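What follows is a short report on a single structure.
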2 protein chains.
Amino acid sequence: MAKPKPTGDQTLIKKINTAIVLDSVMKEGPLSRAQISERTGLNKATVSSLVLDLMDAHLVDEIGQGVSNGGRKPVMLLFNAQAGHAIGIDLGVNYIRGVLTDLLGNVVEEREWTMKRPDMASGLKQLENCIQKLVELEPSSKYGIVGIGIGVPGIVDDKGAILFAPNLAWDRVELQRLIEERFGVPVTIDNEANAGAQGEQKYGAGRGIPHQIYVSVGIGIGTGIILNKDLYKGASGFSGELGHLSIQYDGKPCRCGNRGCWELYASENALVENAEELGLEGELDSLIAAAEANDSRAIELFRSIGEYLGVGIANIVNVFNPDVVIIGNRMSRASRWLECAVQESVDRRTLSYHRERMRILFAELQDRSAVRGAAYYAISTFLRKVRNVE
Amino acid sequence: MAKPKPTGDQTLIKKINTAIVLDSVMKEGPLSRAQISERTGLNKATVSSLVLDLMDAHLVDEIGQGVSNGGRKPVMLLFNAQAGHAIGIDLGVNYIRGVLTDLLGNVVEEREWTMKRPDMASGLKQLENCIQKLVELEPSSKYGIVGIGIGVPGIVDDKGAILFAPNLAWDRVELQRLIEERFGVPVTIDNEANAGAQGEQKYGAGRGIPHQIYVSVGIGIGTGIILNKDLYKGASGFSGELGHLSIQYDGKPCRCGNRGCWELYASENALVENAEELGLEGELDSLIAAAEANDSRAIELFRSIGEYLGVGIANIVNVFNPDVVIIGNRMSRASRWLECAVQESVDRRTLSYHRERMRILFAELQDRSAVRGAAYYAISTFLRKVRNVE
DNA sequence: TCACTTCGTTTAACGACTAAACAAACTTGA
DNA sequence: TCAAGTTTGTTTAGTCGTTAAACGAAGTGA
């Protein structure tokens with residue numbers, strides 16, 4: 001690697017245009033060559049040539065004739081979503097959820113397992129078994145399993161090793177390398193919140209929205225930051241520790257070293273603690289049930305958590321000026337009881353300029369944001385490779 | 001504009017390569033064609049051809065022969081920094097500072113005026129006069145004044161209009177349009193903190209550092225966020241209102257609607273207020289003088305402000321995981337009295353992963369960060385245009 | 001049936017890049 | 001001083017990807 005070569009050459013332009021053509025077929029369903037040419041601005045001849053390459057790579061198929069617009073019938077082209085499959089895994093603290101998707105991210109198979117034993121050795125073994133199950137479920141296809149994406153509850157470095165996972169007790173595991181060696185396909189590891197953000201950005205509430213902050217409210221609070229449709233990672237690859245944004249400089253001490261961290265006030269943990277102080281059953285689902293049954297203490301409790309959620313979200317809004325903030329993970333189940341309080345709290349605390357455009361949403365994919373996002377990592381890695389090599 | 005045309009074509013590659021060549025000449029001083037070819041990986045023939053175009057555009061000059069490396073002497077090429085000049089303006093609350101720079105951003109002339117009357121009509125008139133002065137100072141050159149950049153103390157929209165400038169009382173001024181019409185060159189308006197961030201990124205403490213947060217601590221606190229070497233602007237173009245990050249959710253109410261905003265605790269205003277409560281003279285410079293004279297009350301005051309500065313910076317670090325945080329604007333004059341307290345406070349409050357790489361710096365350009373950055377806006381707009389059209 | 005569309009391929013040409021050859025200019029050592 | 005070897009930058013020939021235009025195939029509609 002004597003030469004990093006950040007050069008601009010000519011095959012680059014073919015890559016760019018191939019990507020443009022593929023994208024338009026993927027996003028706008030069946031299209032004819034003529035339509036692609038018109039939409040992209042590329043010449044008909046160019047489109048024909050690029051489509052030929054894509055058909056050779058089995059990424060695009062002719063699916064027959066379309067209806068005539070007063071002339072020769074067009075030949076419709078469709079993205080071959082079944083040319084391969086991706087595996088997405090959401091590695092939870094006490095569960096493993098997995099999906100098998102096609103290349104468009106549509107779920108083909110879905111499974112969930114409870115994590116039997118939390119220690120690293122058996123956890124890792126179980127994870128491999130789960131992935132193996134999904135691999136066996138794959139209908140045969142041109143490319144087979146194109147990759148595996150895994151969302152984990154902790155901090156991950158740029159080599160796909162888990163650096164720190166407080167609730168999982170898996171320290172310093174080179175997860176990417178291990179899984180890659182075991183299955184022989186590209187593996188991407190990222191933190192659960194980033195995966196969730198990707199999931200919502202591609203398949204959920206944030207589709208097509210450029211600036212979006214995904215707030216994963218579970219036991220703690222994690223966040224995935226999407227700017228200009230791209231996941232933002234900081235200098236060292238671990239940004240977005242918004243759960244440790246301090247909302248009270250002299251507040252409760254947090255194990256992270258800071259004081260008054262947001263997640264101490266607005267996470268599921270905080271909810272449960274407060275509930276127990278009130279003598280309520282300390283379980284998210286039972287609290288939701290209580291609220292449904294009109295228990296005013298439970299309702300008030302959610303209000304208060306919503307209020308604190310809003311405090312942090314207001315900070316996020318002032319910092320990032322995003323298009324949307326998406327609240328996801330377990331706590332989003334209580335959206336009905338949180339929504340108003342969050343919105344009011346944010347409204348009270350943000351500059352009107354920001355407020356005008358910004359919207360607060362709850363995750364559309366519910367507890368599937370992270371698995372879907374994880375699968376997307378695998379898909380996008382594969383497509384990037386196919387486009388650039390072939 | 002029926003066609004947005006996000007296409008990938010062939011002239012694009014020439015643009016890319018021209019930019020590569022120009023950049024290497026700009027950054028690595030005098031270079032021969034052969035050297036450029038070697039460094040960029042472009043073919044010698046390609047370099048020759050691109051250099052010819054750049055010489056036609058007067059952006060690059062041959063400055064004579066270099067020393068031989070055992071063969072024919074190379075012809076050295078130099079970026080023609082004097083082909084044009086840029087004007088940068090820092091529009092303060094009670095001053096106007098202006099610079100005239102060459103195309104490398106070197107200051108050729110510098111002037112400062114006090115703002116005579118704060119109202120909009122006379123302020124605008126004075127601003128125009130100041131710019132006119134700088135225009136007249138320009139040594140004649142091929143392109144003349146290539147553009148004007150202005151940093152303003154307020155929120156600016158994407159059309160260069162001042163939306164809100166609490167300390168200036170210039171509401172809803174279409175500054176860009178006005179100045180463009182008056183001087184007939186491209187004008188860029190941005191907020192003072194963004195301009196300062198650019199200045200430090202290009203010419204100051206942040207040179208070449210990808211992820212950098214510039215914290216402008218003056219009367220209030222503003223911030224400029226540079227991610228991947230690019231200024232980040234949010235969905236509506238005004239992000240970075242980190243001054244209104246709440247560090248105490250039930251703290252003092254702020255005029256922005258939020259409570260406990262950072263700038264209420266860590267700005268020059270906060271300093272002055274606290275000083276007055278202590279019976280000290282409420283002026284930044286006199287407080288610095290007092291500290292120099294070993295006045296323990298003043299020293300303790302700076303410590304306390306530094307501590308609060310650190311609280312906000314810790315939040316920033318947890319959110320963005322930047323390479324550096326740069327403290328700029330007026331308060332950076334007191335760096336000696338702030339440094340330790342800030343660093344300690346940040347150390348106590350950030351995750352060790354973040355802390356490892358991150359450094360806290362004070363603005364190298366001191367109170368010139370914003371003017372220099374403003375001039376850079378003009379330069380970069382010009383170069384972008386020249387590269388893409390010619 | 002005829003005039004007119006529309007689709008997708010073929011053809012010819014262009015523009016940008018590269019490798020290789022080359023001439024000019026220079027160094028070095030005998 | 002001269003021959004051999006280097007280095008620089010241009011010239012030449014060729015490649016690759018794109019485009020405009022022409023064209024044949026396939027349809028519509030009156």
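Chain identifiers are assigned alphabetically (A, B, ...) following the order of the sequence lines, protein sequences preceding nucleic acid strands; residue numbering begins at 1 within each chain. Just so it is clear, the structure is predicted and the values come from calculations on it, not from any experiment.
When rounded to the nearest whole Å, the span between CG of Leu12(A) and P of dA16(C) equals 15 Å. Here dG17(D) presents its C1' atom at 9 Å from CG of Leu50(A), a figure rounded to the nearest Å. Look at CG on Leu42(B): it is 14 Å from C1' on dA19(C), rounded to the nearest Å. Put simply, CD1 on Ile13(B) is 7 Å from P on dT18(C), counting in whole angstrom units.
Ionic pairing of Lys233(A) and Asp158(A) is not present here: no N-O contact between side-chain nitrogen and carboxylate oxygen is shorter than 4.0 angstrom.
For Asp323(A), the salt bridge (charged side-chain N to carboxylate O under 4.0 Å, His left out) partners two or more places apart in sequence, or in a different chain, are Arg357(A). For Lys14(B), the salt bridge (charged side-chain N to carboxylate O under 4.0 Å, His left out) partners are Asp53(B), not counting sequence neighbours. Glu138(B) meets the salt bridge (charged side-chain N to carboxylate O under 4.0 Å, His left out) test with no other residue; sequence neighbours excluded. For Tyr376(A), there are no ring pair (Phe, Tyr, Trp, His ring centres under 6.0 Å) partners at least two apart in sequence or on another chain.
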Would you tabulate the side-chain donor-acceptor contacts of residues 201-209 of chain A under 3.5 Å, counting partners in other chains and residues two or more places apart, or write 'none'?
from: Arg207(A); atom 1: NE; to: Gly204(A); atom 2: O; distance (Å): 2.9
from: Arg207(A); atom 1: NH2; to: Gly204(A); atom 2: O; distance (Å): 3.3
from: Arg207(A); atom 1: NH2; to: Glu364(A); atom 2: OE1; distance (Å): 2.7

Subject >> Footprint string (nucleotides 5-16 of chain D, 5' to 3'): B base within contact, S backbone only, - free, heavy atoms under 4.0 Å >> reply: BBBBBBB-----
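Between Gln65(B) and dA25(C) there is no side-chain polar atom (N or O) within less than 4.0 angstrom of OP1 or OP2.
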